[in-house]
Each structure stands twice: as C-alpha cells, then as structure tokens.
Amino acid sequence: MPELPEIETTKRGVAPRLLNQFISKTLVRQEKLRVPVNHDIDHLCKGKQIIDVTRRAKYLIIHLTEGYLFIHLGMSGHIRFVSPETPAGKHDHIDLVLENNMILRYNDPRRFGLWLYIKDAPSEHPLLSHLGPEPLTDEFNSDYLFKRAQNKTQPIKSFIMDNKIVVGVGNIYAAESLFLAGINPLSPAGSITLEKIISLTNHIKDTLALAIKAGGTTLRDFYAADGKPGYFSNELKIYGRQNNPCYLCETIILSTTIGGRNSAFCPNCQPN
DNA sequence: CTCAGATCCTGTGCGC
DNA sequence: TGCGCACAGGATCTGA
C-alpha cells in the first residue's frame with residue numbers, strides 16, 4: 001500500500017488525535033511482524049503521553065514522554081482510528097488504546113510492517129541510522145544525486161529506490177519520476193547526464209509533493225486515517241500502464257523487471 | 001564492493 | 001464456480 005505520500009497523509013490524519021493523549025493500553029494480537037513487537041510493549045507505553053508525531057522515511061515516529069514508538073506499514077498496512085466498540089477484524093494486529101478510549105488500530109495482512117518501542121534517539125537506531133536524505137529537503141539535490149551516481153552501474157531505477165541514496169521513493173514514484181525526466185529505468189546510474197539528473201531530482205520532488213497534496217495514491221486498498229481514498233492514482237502516467245499507449249507519444253508502453261519489481265517505461269520518451 | 005534474486009506473508013485477479 | 005498461478009505499494013539478507 002504505502003509509499004511516502006501515503007505515510008505523510010496518514011501522519012497528518014492521525015497526529016491531531018494522538019497529540020497530548022495518554023496511552024492506556026497497547027493490545028497486540030499478532031506479534032510476528034517484520035521485526036517482532038517488543039514482548040513488553042504494553043508495559044513500556046502504558047501511562048506515557050504522546051508529545052509529538054513525526055515521520056522519517058516511511059516510518060511514523062510517535063514521541064512519548066519517555067521513548068518512541070516506530071510504526072512501519074510495510075506493503076499492506078494501514079492505521080485508523082476506531083471507537084472502542086468496533087470489533088477487531090482479520091489482520092487487526094495491534095490496538096493503541098488512549099485514555100480517552102479512542103483506539104488507533106493497525107491492520108496489515110502481509111505483516112511486512114513493524115511496531116517497535118525504542119528508548120533512545122530515533123536517528124541513532126539501526127533501522128534509521130543508515131538512511132539517506134528526505135527527498136523533500138534541500139539536502140536532497142541534483143549535485144548530491146549526481147555525485148552519488150558516479151561509477152554506479154546499477155539501473156537508475158534501483159538507485160533512486162535505494163534508501164541509502166534517498167528515502168521514500170518507492171516503485172510507483174520511481175517509475176513516474178523517471179518517465180517525467182525522460183530517463184530509461186534500466187540506464188546505469190553513472191551514465192546519466194547532469195542535466196537529466198537535475199530533471200530527475202526536480203521530478204522526484206514534484207511528484208511526491210503533488211501526491212501528498214492529493215492525499216496519496218489509492219490503487220486498491222489505501223485509505224487515509226480518515227477513510228478517504230487518495231486521488232493521485234488518477235495522475236499516474238506510466239506506472240501500471242504497460243501495453244497501453246503513452247499519453248505523450250502514443251507509443252505502446254513496455255515493462256521489464258528491475259530489482260524484482262515491475263517497471264513500465266515508454267521506449268520512445270525514455271530512450272536512455 | 002556491487003548487484004540480482006530470494007525472502008518474509010496474505011489477498012486479489014486472471015486464465016483455464 | 002473453482003482452482004492454480006502470477007503478482008502486489010517494502011526492506012533486508014545471501015551469495016555470486
């Protein structure tokens with residue numbers, strides 16, 4: 001489900017209702033996630049106040065009076081507020097119960113996500129410490145990207161999806177940005193000209209910012225915390241459009257596999 | 001070091 | 001209608 005815009009949309013949806021609240025209970029129905037949930041997470045969170053809600057890469061970070069709660073939604077997760085009487089359904093793995101009785105409920109069929117309580121500074125944690133810059137900050141710019149790309153033979157698409165290079169660029173937005181920049185996703189990262197890297201950098205930023213504005217991309221099952229779908233799927237120009245004509249030149253869009261992920265591209269608009 | 005591929009898990013949608 | 005298969009928005013590990 002989620003890429004960075006979906007996480008950001010989720011964060012904006014849940015933050016106002018979490019802020020300043022006290023946690024009364026953390027109910028874990030399924031602890032086997034990408035990383036097992038702390039066995040004593042209920043004890044660790046109980047009675048603590050939520051003092052901030054932030055995002056780093058695709059992690060939501062709930063700041064408590066002591067420690068932090070990391071939430072990652074993996075490929076199929078979502079969190080929503082439900083009232084106390086709402087019965088838990090299939091794959092409703094965790095409830096964060098607040099003292100006002102509202103429940104932040106986490107559902108994740110594939111269980112690639114995680115919930116983790118950590119005590120020390122998030123940026124030092126092994127899950128976050130190696131991460132590259134946020135795409136919407138000035139730290140992520142064309143000079144940086146060009147430098148990092150030098151001598152890389154890796155396909156440019158895998159390169160921009162590498163969290164050590166830049167975080168938050170998933171399969172959808174990688175495909176969209178490369179199309180808009182006119183770059184073939186298979187081209188070796190080190191072979192891309194500075195001009196194209198400048199264009200790519202700008203399109204990554206623009207695409208993500210637009211998608212956040214639209215409330216994320218709803219393909220099948222993404223709904224923001226308020227239950228509203230995202231509207232960015234209407235804007236997708238290349239992702240999932242293989243075998244259809246390109247919107248710009250009507251050439252039939254091709255697809256290939258890069259890093260195990262399906263990758264659509266227009267052979268005419270993205271020649272190299 | 002770099003990179004392709006396998007892996008964790010369940011649901012969906014397609015062709016037969 | 002039912003079955004089997006391919007594939008899905010992420011991230012990490014292994015091994016060539």
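Keep in mind it's a predicted model, so treat the numbers as computed, not measured. The chains referred to below are lettered A, B, ... by the order of the sequence lines, with proteins before strands, and numbering in each begins at 1.
- Side-chain atoms of Asn141(A) come within 3.5 Å of backbone N or O of Asp138(A) as a donor-acceptor pair.
- For the pair Gln270(A) (side chain) and Pro267(A) (backbone), a donor-acceptor distance under 3.5 Å is absent.
- In this structure, NZ of Lys164(A) is placed 8 Å from P of dT12(C), rounded to the nearest angstrom.
- The backbone N or O of Tyr239(A) sits less than 3.5 Å from a side-chain atom of Glu176(A), completing a donor-acceptor pair.
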Under 3.5 Å, which donor-acceptor pairs do the side chains of residues 163-172 of chain A form with other protein atoms, sequence neighbours left out?
unit_1    : atom_1 : unit_2    : atom_2 : d
Asn171(A) : OD1    : Lys157(A) : NZ     : 2.6
Asn171(A) : ND2    : Asn262(A) : O      : 3.3

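- A straight line from CG of Asp108(A) to C1' of dA8(C) spans 13 Å, rounded to a whole angstrom.
- dC3(C) and dC9(B) have their P atoms separated by 24 Å, given to the nearest Å.
- Taking a 4.0 Å limit (strictly below) on heavy-atom distances, residues 144-158 of chain A reaches DNA chain B at Lys152(A), Thr153(A), Gln154(A), Pro155(A).
- Atom pair Leu131(A):CG and dA11(C):C1' shows a separation of 10 Å (rounding to whole Å applied).
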For nucleotides 5-10 of chain B, 5' to 3', base contacts (B), sugar-phosphate-only contacts (S) and non-contacts (-) with protein non-hydrogen atoms under 4.0 Å give ---BBB
Dot-bracket for DNA chain B, please, read 5' to 3', with Watson-Crick or G-U wobble pairs under 3.5 Å on both distances, ( ) within the strand, [ ] crossing, | other strand, . unpaired. .|||||||.|||||||
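- Rounded to whole Å, the C1' atom of dC3(B) lies 23 Å from the corresponding atom of dG9(C).
- Listed by first and then second residue, the side-chain hydrogen bond (donor to acceptor under 3.5 Å, both in side chains) pairs that reach into residues 92-108 of chain A are Gln21(A)-Asn100(A), Arg29(A)-Asp95(A), Ser76(A)-Asp108(A), Asp92(A)-Asn107(A), Asp95(A)-Arg105(A), Tyr106(A)-Asp108(A), sequence neighbours excluded.
- Taking atom P in both dA6(B) and dA6(C), one finds a spacing of 13 Å when rounded to whole Å.
- Within 6.0 Å of atom NE2 in His39(A), 12 or fewer heavy atoms from other residues, nucleotides or ligands are found, so the atom counts as exposed in its surroundings.
- Grouped by direct or indirect side-chain proximity (heavy atoms under 4.5 Å, Ile/Leu/Val/Met/Phe/Trp/Tyr only), Val82(A) sits with Val97(A), Ile103(A).
- Residue Ile51(A) belongs to no hydrophobic cluster, having no ILVMFWY side-chain heavy atom closer than 4.5 Å to its own.
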Show the distances under 3.5 angstrom between N or O atoms of the protein and N or O atoms of nucleotides 14-16 of chain C.
none

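- Contact between Pro135(A) and Phe140(A) at its shortest, heavy atoms only, is O-CD2, 3.3 Å.
- For the OP1/OP2 pair of dG9(C) and a distance below 4.0 Å, the side-chain nitrogens and oxygens of Tyr173(A) include no atom meeting the criterion.
- Cation-pi check for Arg241(A) over Tyr247(A) is met; the charged atom lies under 6.0 angstrom from the ring centroid and within 45 degrees of its normal.
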Distance-only criterion, 3.5 Å: show the donor-acceptor pairs between side-chain atoms of residues 57-68 of chain A and protein atoms not counting sequence neighbours.
unit_1   : atom_1 : unit_2    : atom_2 : d
Tyr59(A) : OH     : Arg34(A)  : NH2    : 3.2
His63(A) : NE2    : Thr54(A)  : OG1    : 2.7
Thr65(A) : OG1    : Gln49(A)  : N      : 3.3
Glu66(A) : OE1    : Lys48(A)  : NZ     : 3.4
Glu66(A) : OE2    : Lys119(A) : NZ     : 3.4

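- Screening residues 182-211 of chain A for salt bridge (Lys or Arg N to Asp or Glu O under 4.0 Å) gives no qualifying pairs among residues at least two apart or on separate chains.
- Atom P of nucleotide dG9(C) and atom CG of Leu4(A) are separated by 16 Å, given to the nearest angstrom.
- Phosphate proximity of dA8(C) to Arg261(A): absent, as no side-chain N or O sits under 4.0 Å from OP1 or OP2.
- In this structure, the CD atom of Gln242(A) is 13 Å from the P atom of dC14(B), given to the nearest Å.
- In this structure, Asn262(A) reaches the sugar-phosphate backbone alone: every heavy-atom distance under 4.0 Å involves primed, P, OP1 or OP2 atoms, never a base.
- OP1 or OP2 of dA11(C) lies within a sub-4.0 Å distance of a side-chain N or O belonging to His72(A).
- Remark: Tyr173(A) pairs with Phe232(A) by the ring pair (Phe, Tyr, Trp, His ring centres under 6.0 Å) rule, at least two apart or across chains.
- Regarding Ile71(A), its CD1 atom lies at a distance of 15 Å from the P atom of dA11(C), rounded to whole Å.
- Atom CD1 of Ile165(A) is separated from atom P of dA11(C) by 15 Å (rounded to the nearest Å).
- Closest to the side chain of Leu127(A), from the set dG9(C), dA11(C), dT12(C), is dT12(C).
- The closest donor-acceptor contact from the side chain of Thr9(A) to the backbone of Pro5(A) lies under 3.5 Å.
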Can you give the donor-acceptor pairs under 3.5 Å from side chains of residues 248-255 of chain A to other protein atoms, not counting sequence neighbours?
none

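- Note: CD1 (Ile172(A)) to P (dA8(C)) measures 11 Å, nearest angstrom.
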